[in-house]
Enquirer: 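Pasting in a structure now, in structure tokens, and then I'll have a few things to ask.
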Amino acid sequence: MQRRTALATLGLLLAGASAAAPVTPPEYVARALPGARLAGQGEFRWLLLSIYHAQLWVGPAGYRSQAPDGAPYLLELRYARDLEGKRIAQASVEQMAHVGVGSSAQRQAWLERMRSAFPDVRRNDTLAGLYLPGQGVRFYLNGALLVEFADAEFAQAFFAIWLSPRTSASALRSALLQDAAAPP
């Protein structure tokens, strides 16, 4: 009985140690966001289908906000299924409308921009966005720079899909922002 208790305690200690161990960012994340650390991660599901696994990477300043004087961060989505880029763009605009960002005319212009930029993704592809405060966003496909949009309003609207308190994926938002504050 004592041996079983000791093994269970050791198992809990090891599980806690592995959960607290820092995660090394992918090489492109480390280059794009020096000092990057994983703030949180979670899965997005639609009905019962897994759509993607999301990770939020923050720099030394943590996640402060999406304001122009905020801090850069990178959101990476690893897709669990094949999806058309045009569908990703459409879903993005629908979610922007849901959280109430941008005018109808802005969202239409953003939709056209995303449709022309977002590729079709296959299972295990990653699509990531680097938020650049007051500047815009850089998108990466599987770690390679895909496109950059120098539009601060678009960048704020795009990341509001996941990080706004009005997001339709509040559990994912909580998981992403789990450890997003700057260290003391």
Enquirer: Quick check: Phe159 with Tyr73 (ring centres under 6.0 Å apart)?
Expert: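 Close enough - the centres of the two rings lie under 6.0 Å apart.
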Enquirer: How long is the straight-line distance from OG of Ser103 back to CD of Glu153, given to the nearest 0.5 Å?
Expert: 8.5 Å
Enquirer: Between Glu76 and Tyr52, do the side chains contain a donor N or O and an acceptor N or O under 3.5 Å apart?
Expert: no
Enquirer: Would you give the length of the straight line joining atom CD1 of Ile161 to atom CG of Leu75, rounded to the nearest 0.5 angstrom?
Expert: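 Here the interatomic distance stands at 9.5 Å.
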Enquirer: Can a cation-pi geometry be assigned to Arg123 and Tyr79, taking NZ or CZ under 6.0 Å from the six-membered ring centre and within 45° of the ring axis?
Expert: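 Negative - Arg123 is either too far from the ring of Tyr79 or too far off its axis.
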Enquirer: Rounded to the nearest 0.5 Å, what's the gap from CG on Leu130 to CH2 on Trp57? Could you check?
Expert: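 One gets 13.5 Å once the value is rounded to the nearest 0.5 Å.
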Enquirer: What's the spacing between Trp110 CH2 and Ser92 OG if we round to 0.5 Å?
Expert: 12.0 Å
Enquirer: Roughly how far apart are Gln106 CD and Arg113 CZ, rounded to 0.5 Å?
Expert: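 Gln106 CD to Arg113 CZ: 10.0 Å, rounded to 0.5 Å.
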Enquirer: For Tyr131 and Phe158: C-alpha separation, side-chain torsions, deciding distance, then whether ring-ring contact (aromatic ring centres under 6.0 Å, His included) applies.
Expert: CA-CA 9 Å; Tyr131 177 70; Phe158 183 78; over 10 Å; no
Enquirer: Is the closest basic N to carboxylate O distance between Asp120 and Lys86 below 4.0 Å?
Expert: no
Enquirer: If you round to the nearest 0.5 Å, how far is CD of Gln55 from OG1 of Thr126?
Expert: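 If I round to the nearest 0.5 Å, the distance is 10.0 Å.
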Enquirer: Does any part of the side chain of Trp162, heavy atoms only, come nearer than 4.5 Å to the side chain of Leu56, both counted from C-beta?
Expert: no
Enquirer: Between Arg115 and Gln90, is any side-chain donor less than 3.5 angstrom from a side-chain acceptor?
Expert: yes
